[in-house]
Asks: 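Below are the structure tokens for one structure; questions will follow.
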Protein chains: 2
Amino acid sequence: MKRRTRQRECILEILKGVRTHPTADWIYEEARKSFPNISMGTVYRNLKVLQQEGVITELDLSGTMSRFEFKQDRHYHFRCENCGRVIDFNEPVDKGLDRRVERRTGLKINCHLLEFRGLCKKCQSVN
Amino acid sequence: MKRRTRQRECILEILKGVRTHPTADWIYEEARKSFPNISMGTVYRNLKVLQQEGVITELDLSGTMSRFEFKQDRHYHFRCENCGRVIDFNEPVDKGLDRRVERRTGLKINCHLLEFRGLCKKCQSVN
DNA sequence: TTAGGTGCAAAACCTTTGCCATCCC
DNA sequence: GGGATGGCAAAGGTTTTGCACCTAA
């Protein structure tokens, strides 16, 4: 049975307290402020556990490093092609899309992911 | 200036001749049939060159390994959560979405990626 | 008490890179 | 000829894992 350890709580609190979509590495650095000896292994293991419990989500759209977020309602993402930042996006989710496509194709569809790409405001003004 | 080498041609032909979305590793194994000594380094370098030339696309939707495809019109993808297979998808692309969202948000949007997740027909019948 | 968790370090995995020989243009 | 490319091997970056020691329940 899963335990509630201080390290796991810490990682969860970090994700709760942030509106960005941090990488494992960033979470690790943050967690070290409370647990100087915490290891990347622990971070990854706990991120996996929290995912399995459904408390957090791994954004596995694109890119090299995984990014994580505290679970929220269905929403889409925007990724800046210049700085890599990921922004939540409140374009309304099309609830019926999956069912429509399922009927048309015979595939069993669980969900869909939509990611916009472009330049965030900050990077627009710099370039 | 870019040269036309036999290895590069080979890799391109492999991607042209296939309707799947192979990983670099699969392409490597395939290319070895023609060039037994070809190396992964060459495969990756050429995949990068071909991308820069705009002849192929790297699907950087999700997952650990990159997948590549010969360039085609905008389309969406379906990924089987059981076997990992990626299938092209002819759900009509919403051409106006990017502009609408751009006007609403002030972000500069270049494109959007849409990926459906679920079970392909083969995996549905097995489970 | 004890199964589950942590830290540490090493391994695994995918991708990139340095070097030098080779090949196109 | 000479810069672009290939093969090889080593390095890089991210994630996973084995193991011995802890710790929450």
Side-chain angles (χ1 to χ4, degrees), chain A residues 1-15 20-69 79 83-86, chain B residues 1-15 20-69 79 83-86:
Chain A
M1 192 211 5
K2 296 295 173 201
R3 282 188 203 158
R4 149 189 288 246
T5 65
R6 284 172 297 151
Q7 288 89 334
R8 187 169 300 157
E9 286 300 301
C10 172
I11 288 170
L12 183 54
E13 287 309 313
I14 289 170
L15 278 170
T20 58
H21 306 74
T23 60
D25 189 61
W26 189 91
I27 296 168
Y28 169 65
E29 290 302 337
E30 206 62 18
R32 286 221 292 172
K33 293 176 184 169
S34 310
F35 298 87
N37 293 320
I38 199 172
S39 69
M40 275 303 267
T42 299
V43 171
Y44 275 108
R45 272 185 296 237
N46 279 319
L47 287 170
K48 183 160 287 180
V49 170
L50 291 169
Q51 268 183 87
Q52 286 165 349
E53 293 178 345
V55 213
I56 68 170
T57 309
E58 178 174 0
L59 319 186
D60 54 353
L61 281 173
S62 85
T64 38
M65 281 180 291
S66 291
R67 288 169 175 272
F68 302 86
E69 69 181 6
R79 177 182 298 258
C83 68
R85 201 146 58 104
V86 175
Chain B
M1 191 210 11
K2 296 296 174 201
R3 283 187 201 156
R4 147 189 289 246
T5 66
R6 283 171 297 153
Q7 288 89 334
R8 187 169 301 156
E9 286 299 303
C10 172
I11 289 171
L12 184 54
E13 287 309 314
I14 289 170
L15 278 171
T20 59
H21 306 74
T23 60
D25 189 62
W26 189 92
I27 296 168
Y28 169 65
E29 290 302 337
E30 206 62 17
R32 285 222 292 173
K33 294 176 184 170
S34 310
F35 297 88
N37 293 321
I38 199 172
S39 69
M40 275 302 266
T42 299
V43 170
Y44 276 109
R45 270 186 296 239
N46 279 319
L47 287 171
K48 182 159 287 181
V49 169
L50 291 168
Q51 268 183 86
Q52 286 165 349
E53 292 178 347
V55 215
I56 69 171
T57 309
E58 178 174 0
L59 318 187
D60 55 353
L61 283 173
S62 84
T64 37
M65 280 180 292
S66 291
R67 288 169 175 273
F68 302 86
E69 68 181 8
R79 178 182 296 259
C83 68
R85 201 146 57 105
V86 175

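Residue numbers begin at 1 in each chain, while the letters A, B, ... track the order of the sequences.
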Asks: Of the nucleotides D:dG6, C:dG7, C:dT15, which has the atom closest to the B:R45 side chain?
Replies: D:dG6
Asks: Would you find a donor on one side and an acceptor on the other, under 3.5 Å apart, between the side chain of A:R67 and the backbone of A:H21?
Replies: yes
Asks: On the nucleotide C:dC24, are OP1 or OP2 found under 4.0 Å from the side-chain N or O atoms that B:R6 carries?
Replies: yes
Asks: Between A:T42 and B:Y44, which is nearer to the 5' end of DNA chain C once each is assigned its nearest nucleotide?
Replies: A:T42
Asks: How long is the straight-line distance from CZ of B:F68 back to OG1 of B:T20, given to the nearest 0.5 Å?
Replies: 12.5 Å
Asks: Considering heavy-atom distances to DNA chain C, does B:F68 or A:S39 have its closest nucleotide positioned more toward the 5' end?
Replies: A:S39
Asks: May I ask you to verify if any side-chain N or O of B:N46 is less than 4.0 angstrom from the OP1 or OP2 atom of D:dG6?
Replies: yes
Asks: For B:L47 and D:dT5, what is the distance between atoms CG and P respectively, to the nearest whole Å?
Replies: 14 Å
Asks: At less than 4.0 Å, is any side-chain N or O atom of B:Q7 found next to OP1 or OP2 of C:dC23? Yes or no.
Replies: no
Asks: Please tell me if A:R8 has a side-chain N or O lying less than 4.0 Å from either OP1 or OP2 of C:dG5.
Replies: yes
Asks: Could you give the CZ-to-P distance, from A:R4 to C:dG5, as a whole number of Å?
Replies: 13 Å
Asks: Please report, rounded to the nearest Å, how far the P atom of C:dT6 is from the NZ atom of A:K2.
Replies: 10 Å
Asks: Looking at A:R32 and C:dG7, is any side-chain donor or acceptor paired with a base atom of the opposite kind under 3.5 Å?
Replies: no
Asks: Do the side-chain N or O atoms of A:T5 get closer than 4.0 angstrom to the phosphate oxygens (OP1, OP2) of C:dT6?
Replies: yes
Asks: CZ of B:R45 to OG of B:S39: how many Å apart, nearest 0.5 Å?
Replies: 6.0 Å
Asks: Send over the distance from B:M40 CE to D:dG7 P, rounded to a whole Å.
Replies: 13 Å
Asks: Salt bridge or not between A:R32 and A:E29? Use side-chain N to carboxylate O under 4.0 Å.
Replies: yes
